[in-house]
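Inspection log for the structure reproduced underneath, given as structure tokens.
When reading the values below, keep in mind they use all heavy atoms of this one structure, side chains included, and skip hydrogens, waters and symmetry mates. Please read all numbers here as calculations on a predicted model, not as lab measurements. Residue indices begin at 1 and follow the sequence shown.
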Amino acid sequence: MRAWTLGSGSSGNALVVESGGHRVLIDCGFGPRALVTRLRAVGIAPESIGALILTHEHVDHAAGAERAQKKFRWPVIASAGTLAALREVEARWRRPIEAGGTLALDGFALSAVAVPHDAAAPLAFTLTATASGARLGVAHDLGAVPDALRSAFRHCDALCLEANHDEALLRDGPYPAALKARIRGGRGHLANTQAAALAAEMAGPALRAVVLLHLSEVNNAPELATQTVRSALHRAGVHAAVHAAPRRTPAEAFALSGVRAPVSPQLSLGV
Ligand SMILES: [Zn+2]
Ligand SMILES: [Zn+2]
């Protein structure tokens, strides 16, 4: 399994995941021209993508979804609440998935988890590669970590998690009080310390990579976010690579090789 971030943050989010020759796009927060340019920069033809998966309808995640869908004729997988905001997508391309649901895609098994965020019906996802068994957890905007997410994200080989802000930078920064309250609220965005605690709690023997998403340009810094998460993983005795997705440039998120070792029965108990 391999993945690339094409952009991350309030200026637009998109993530490509590949396994066994199959590719999916998660979120499409910029227009088709920027999308194609960024895909080509990492050697990916848009036509090679099999489906578009959306976490929620906010513009930084879905601004280019309708136009890209029309151009490349991708099926769009999202909650019914998210799909309701995409009026231009014809019924035959809509693939609703609800929290707790799973879908078999070419190359992947997709599972959805509800997350608290101020959108219609936002979801986080796990993608399990059919070829290798590798499992990825992707959680974009979320204000708090629900128990269902903790269950779903255990035993992942890679995690892509929101690390939006440093609490002190947000507190002392220039945003108006109401916006600060929205960001740090239970339906806003995750702080570095929350992402770090989640990563450390989810970390098991299979975890190889943690990619931090959606860093605020004003209230965060890549070194601060990565160091906060690295320290938490170190304290938990886990040695996974940690990096922050670049804001506007495409970059490889991780590349996992080989077939995943089966999770031992003891570790599976209680999941
Ligand atoms: Zn959002
Ligand atoms: Zn967002």
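- In plain terms, the two heavy atoms of Asn220 and Ala163 that are nearest each other are ND2-O, 3.0 Å.
- No side-chain heavy atom of Val229 sits under 4.5 Å from any side-chain heavy atom of Asn192.
- With rounding to the nearest 0.5 angstrom, the SG atom of Cys28 is 12.0 Å from the CG atom of Leu15.
- Side chains of Glu18 and Trp4 form a contact here, defined as non-hydrogen atoms less than 4.5 Å apart.
- Two residues are said to be in side-chain contact when any heavy atoms from C-beta on lie closer than 4.5 Å; Val24 and Leu52 fail this criterion.
- Here the closest non-hydrogen pair linking Ala152 and Cys156 is O-SG, 4.4 Å.
- The distance from the OG1 atom of Thr55 to the CG atom of Asp27 is 3.5 Å, given to the nearest 0.5 Å.
- Phe153 and Leu136 fall into different hydrophobic clusters, defined by Ile, Leu, Val, Met, Phe, Trp and Tyr side-chain heavy atoms under 4.5 Å apart, directly or through other members.
- Put simply, the side chain of Glu162 gets close to the backbone of Leu142: a donor and an acceptor are under 3.5 Å apart.
- Of the N and O atoms on the side chains of Asn219 and Asn164, not one donor lies less than 3.5 Å from an acceptor on the other residue.
- For the pair Val211/Leu159, no side-chain contact is recorded, criterion being any heavy-atom separation below 4.5 Å from C-beta on.
- For Phe30, the ring pair (Phe, Tyr, Trp, His ring centres under 6.0 Å) test picks out no residue, with sequence neighbours left out.
- When atom types are taken as modelled, the side chain of Gln69 and the backbone of Trp74 share a donor-acceptor pair closer than 3.5 angstrom.
- With hydrogens and angles disregarded, no donor-acceptor distance shorter than 3.5 Å links the side chain of Gln227 to the backbone of Leu224.
- Counting only residues at least two apart or in different chains, salt bridge (Lys or Arg N to Asp or Glu O under 4.0 Å) contacts with residues 64-89 comprise Lys70-Glu88.
- By the rule that hydrophobic residues join a cluster once side-chain heavy atoms approach within less than 4.5 Å of another member, Ile49 and Phe125 end up as members of separate clusters.
- To the nearest 0.5 Å, atom CG of residue Leu161 and atom CD of residue Gln194 are 11.5 Å apart.
- Note on residues 42-52: pairs passing side-chain hydrogen bond (donor to acceptor under 3.5 Å, both in side chains), not counting sequence neighbours, are Arg23-Ser48.
- Put simply, the side chain of Arg184 reaches to within 4.5 Å of the side chain of Arg171, judged on heavy atoms.
- Side-chain contact between Phe254 and Met1 is present, with at least one heavy-atom pair separated by less than 4.5 Å.
- Separating the CZ atom in Arg135 from the CG atom in Asp157 is a distance of 8.5 Å, to the nearest 0.5 Å.
- Linking ILVMFWY residues whenever their side-chain heavy atoms come closer than 4.5 Å, directly or via other members, leaves Val16 and Val138 in distinct clusters.
- Between His189 and His165, the gap from one ring centroid to the other reaches at least 6.0 Å.
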Validation: residues 94-121 side-chain donor-acceptor distances under 3.5 Å, sequence neighbours left out:
residue: Arg94; atom: NE; partner: Val89; partner atom: O; Å: 2.9
residue: Arg94; atom: NH1; partner: Leu83; partner atom: O; Å: 2.8
residue: Arg94; atom: NH2; partner: Leu86; partner atom: O; Å: 2.5
residue: Arg94; atom: NH2; partner: Val89; partner atom: O; Å: 3.0
residue: Arg95; atom: NH1; partner: Arg92; partner atom: O; Å: 2.9
residue: Glu98; atom: OE2; partner: Ala80; partner atom: N; Å: 3.1
residue: His117; atom: ND1; partner: Arg187; partner atom: O; Å: 3.3
residue: His117; atom: ND1; partner: Gly188; partner atom: O; Å: 2.8
residue: His117; atom: NE2; partner: His56; partner atom: NE2; Å: 3.4
residue: His117; atom: NE2; partner: His58; partner atom: ND1; Å: 3.3
residue: His117; atom: NE2; partner: Asp141; partner atom: OD2; Å: 3.2
residue: Asp118; atom: OD1; partner: Arg182; partner atom: NH2; Å: 2.9
residue: Asp118; atom: OD2; partner: Arg182; partner atom: NE; Å: 2.6
residue: Asp118; atom: OD2; partner: Arg182; partner atom: NH2; Å: 3.2

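- Counting heavy atoms from C-beta on, the side chains of Asp147 and Leu149 never come closer than 4.5 Å.
- One distance of note links CH2 of Trp93 with CZ of Phe72; it measures 13.0 Å at 0.5 Å rounding.
- Counting only distance, with no hydrogens or angles, the side chain of Ser216 and the backbone of Val218 share a donor-acceptor pair below 3.5 Å.
- For the atom pair CG (Leu198) and CG (Leu190), the distance works out to 7.0 Å, reported to the nearest 0.5 Å.
- Taking all atoms of both residues into account, the shortest heavy-atom contact from Gly173 to Lys180 is O-NZ, 3.0 Å.
- Counting all heavy atoms, side chain and backbone alike, Ser8 lies closest to Asn13 at CA-OD1, 3.3 Å.
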key: Residues Ile183, Leu170; criterion side chain to side chain contact (heavy atoms under 4.5 Å, CB included); working and verdict   = CA-CA 9 Å; Ile183 290 169; Leu170 177 66; 3.8 Å; yes

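- Side-chain contact check for Arg150 versus Met202: some heavy-atom pair is nearer than 4.5 Å.
- Note: the hydrophobic cluster containing Leu123 also contains Leu127 (ILVMFWY, side chain heavy atoms under 4.5 Å, direct or indirect links).
- Taking hydrophobic clusters as Ile, Leu, Val, Met, Phe, Trp and Tyr residues chained together by side-chain heavy-atom distances below 4.5 Å, Leu213 shares a cluster with Ile53.
- For Glu167 and Thr193, the side-chain atoms include at least one donor-acceptor pair closer than 3.5 Å.
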Tell me which donor-acceptor pairs under 3.5 Å the side chains of residues 232-253 have, and how far apart each pair is, sequence neighbours excluded?
residue: Arg247; atom: NH2; partner: Leu215; partner atom: O; Å: 2.4
residue: Glu252; atom: OE2; partner: Arg2; partner atom: NE; Å: 2.7
residue: Glu252; atom: OE2; partner: Arg2; partner atom: NH2; Å: 2.8

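- For the side-chain hydrogen bond (donor to acceptor under 3.5 Å, both in side chains) test, residues two or more places apart in sequence or in another chain that qualify with Thr82 are Ser79.
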